[in-house]
A.B. asks: 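Here's a structure for you.
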Amino acid sequence: MVSYKLLLLGLVFAGAVLQSINGKLFPTSYLPRCPNALSIVQDEVIAAIKNERRIGASLLRLHFHDCFVNVSTTSEVYPSFIHLHLSSDVLKFCTWGFLEKFQGCDASVLLDDTPGFIGEKTAVPNNNSLGGFEVVDRIKAKVEKACPGVVSCADILALAARDSVVHLGGPSWQVYLGRRDSTSASRSAASTSIPPPTSNISSLLSSFAAQGSHTIGLARCTSFRARIYKDTTTDAVFAKSLQSNCPVTGNDNNLASLDLQTPTYFDNLYYKNLLKEKGLLHSDQELFNGTPADAMVKLYASNTFAFFYDFANSMVKMGNIKPLTGSQGEIRINCRKVN
């Protein structure tokens with residue numbers, strides 16, 4: 001499973017500031033034209049999680065993998081990290097990144113391959129890894145029945161991610177709406193934009209995502225094999241407990257929980273595990289490995305409120321990575337293909 005990172009550094013902004021960054025998205029965008037849109041999404045997400053609890057993590061990952069394609073550096077002033085709890089050590093350690101050439105939160109990840117089109121589903125981070133597409137299909141079908149051609153697939157992903165986290169015990173946040181859907185995708189950009197599970201702390205700090213989301217979900221054996229056999233920062237008992245499920249060779253698709261204690265509940269045990277060298281992925285444990293980032297892990301391990309507050313704010317920020325608005329893109333009728 002591919003990592004999506006949040007070291008969260010910078011300034012958490014209020015709603016007014018967010019609208020100054022992106023004045024075309026509003027929480028009430030669908031009230032006049034599709035007043036039941038949010039409840040339809042929420043009901044379908046809850047039903048899907050009740051049927052298969054781990055689908056909540058899948059829907060959250062879809063939103064991440066949609067938003068982080070074509071994120072790179074430029075002179076455009078836009079902080080890569082947001083964090084309310086600033087310290088001089090962390091500020092010295094972290095750098096400011098800037099974003100350009102966004103694919104952004106535009107539902108490009110949902111497009112299927114066709115004879116004349118290659119989407120992002122077979123990109124390295126996504127192939128045999130992402131799930132939840134059928135849930136999105138069901139949501140879209142019901143929304144289209146209620147109000148045809150109004151609600152975008154990109155907004156459905158943003159809402160489904162929030163509703164999944166809330167239903168699994170995590171924080172809520174206000175979802176700004178009004179995104180439109182892309183008519184293109186980039187497999188090559190998807191393959192290079194999302195940090196792999198072998199990432200070190202330097203590369204994690206130059207990406208923008210939410211590492212805390214690893215409190216839920218699963219990872220394939222191929223993602224953590226090296227960690228449980230070769231990584232010196234792995235608790236020995238923890239590593240041994242995983243080796244029968246993930247041998248040195250074979251069983252590549254066997255799964256393990258990113259948080260072994262509460263894999264389908266959104267809490268801060270992920271960070272507590274890092275304090276004990278029990279992060280499943282190498283990139284997880286890199287967040288607590290003798291750098292100033294350790295202070296952040298300790299904070300979140302001891303203070304659920306701080307983690308929830310910062311995670312929610314980071315999700316608002318992430319959801320506003322260069323969305324298509326106005327006449328850009330389209331409102332897809334079927335999330336899997338362009339109109």
A.B. asks: Is it the case that over 12 heavy atoms from other parts of the model lie below 6.0 angstrom from the CD1 atom of I118?
C.D. replies: no
A.B. asks: Please determine whether residues V143 and V135 belong to a single hydrophobic cluster, defined as Ile, Leu, Val, Met, Phe, Trp and Tyr linked transitively by side-chain heavy-atom distances below 4.5 Å.
C.D. replies: yes
A.B. asks: Looking only at side chains, do Y270 and D284 share a donor and an acceptor under 3.5 Å apart?
C.D. replies: yes
A.B. asks: Within 45° of the six-membered ring axis of F133 and under 6.0 Å from that ring's centre, is NZ or CZ of K121 located there?
C.D. replies: yes
A.B. asks: For the atom pair NZ (K24) and CZ (R180), what is the distance rounded to the nearest 0.5 Å?
C.D. replies: 11.0 Å
A.B. asks: Could you see if V175 belongs to whatever hydrophobic cluster contains V166? Use Ile, Leu, Val, Met, Phe, Trp, Tyr and a side-chain cutoff under 4.5 Å.
C.D. replies: no
A.B. asks: With clusters defined by side-chain heavy atoms of hydrophobic residues (ILVMFWY) lying less than 4.5 Å apart, directly or transitively, does L299 cluster with L287?
C.D. replies: yes
A.B. asks: Would you tell me whether T233 and N289 have side-chain atoms, one donor and one acceptor, within less than 3.5 Å of each other?
C.D. replies: no
A.B. asks: How about Q243 and Y229: do any of their side-chain heavy atoms sit closer than 4.5 Å?
C.D. replies: yes
A.B. asks: In this structure, would V248 and L280 fall into the same cluster of hydrophobic residues linked by side-chain contacts under 4.5 Å?
C.D. replies: yes
A.B. asks: Could you grab the distance from atom SG of C221 to atom CD1 of I228, nearest 0.5 Å is fine?
C.D. replies: 6.0 Å
A.B. asks: Looking at side-chain heavy atoms only, is the closest gap between I139 and V45 below 4.5 Å?
C.D. replies: yes
A.B. asks: Same cluster for M318 and F266 if Ile/Leu/Val/Met/Phe/Trp/Tyr side chains link at under 4.5 Å?
C.D. replies: yes
A.B. asks: If you round to the nearest 0.5 Å, how far is CG of N313 from CZ of F308?
C.D. replies: 13.5 Å
A.B. asks: Which value, rounded to the nearest 0.5 Å, describes the distance between S184 atom OG and D106 atom CG?
C.D. replies: 7.0 Å
A.B. asks: Using distance alone, with no hydrogens and no angle criterion, decide if R332 and S182 have a side-chain donor and acceptor under 3.5 Å apart.
C.D. replies: yes
A.B. asks: Is the backbone N or O of A107 less than 3.5 Å from a side-chain atom of D66, with the two atoms forming a donor-acceptor pair by type?
C.D. replies: yes
A.B. asks: Just checking, is any N or O donor in the side chain of N268 or T304 under 3.5 Å from an acceptor N or O on the other one?
C.D. replies: yes
A.B. asks: Any salt bridge between D252 and R220, counting N to O under 4.0 Å?
C.D. replies: no
A.B. asks: Measuring from atom CG of D231 to atom CG of L281, what distance do you get when rounded to the nearest 0.5 angstrom?
C.D. replies: 10.5 Å
A.B. asks: Check whether the ring centres of Y309 and Y300 lie less than 6.0 Å apart, and answer yes or no.
C.D. replies: no
A.B. asks: A side-chain contact here means heavy atoms from C-beta on lying under 4.5 Å apart; do L130 and R61 qualify?
C.D. replies: yes
A.B. asks: Is there a side-chain contact between Y271 and K298 in this structure, where contact means two heavy atoms from C-beta onward sitting under 4.5 Å apart?
C.D. replies: no
A.B. asks: Hey, are the side chains of D267 and D259 touching, using non-hydrogen atoms and a 4.5 Å cut-off?
C.D. replies: yes
A.B. asks: Heavy-atom distance under 4.5 Å between the side chains of W173 and F311, does that happen here?
C.D. replies: yes
A.B. asks: Could you grab the distance from atom CG of L157 to atom CG of L59, nearest 0.5 Å is fine?
C.D. replies: 8.0 Å
A.B. asks: Please confirm whether F26 and Y176 have ring centers closer than 6.0 angstrom.
C.D. replies: no
A.B. asks: Looking just at side-chain N and O atoms, do Y30 and N36 make a donor-acceptor pair shorter than 3.5 Å?
C.D. replies: no
A.B. asks: Could you check whether any side-chain heavy atom of I46 comes within less than 4.5 Å of a side-chain heavy atom of D163, counting everything from C-beta outward?
C.D. replies: no
A.B. asks: Do any N or O atoms from the side chain of R33 and from the backbone of C147 form a donor-acceptor pair under 3.5 angstrom?
C.D. replies: no
A.B. asks: Tell me whether the count of non-hydrogen atoms from other residues, nucleotides or ligands lying under 6.0 Å of CZ in R54 goes above 12.
C.D. replies: no
A.B. asks: Answer whether the closest heavy-atom distance between the side chains of I49 and S164 falls below 4.5 Å.
C.D. replies: yes
A.B. asks: Counting only N and O atoms by type, is there a donor-acceptor contact under 3.5 Å from the side chain of T28 to the main-chain atoms of L31?
C.D. replies: no
A.B. asks: Is there a donor-acceptor contact under 3.5 Å linking the side chains of R227 and T234?
C.D. replies: yes
A.B. asks: Going by distance alone, is a donor N or O of one side chain under 3.5 Å from an acceptor N or O of the other, for S108 and E120?
C.D. replies: yes
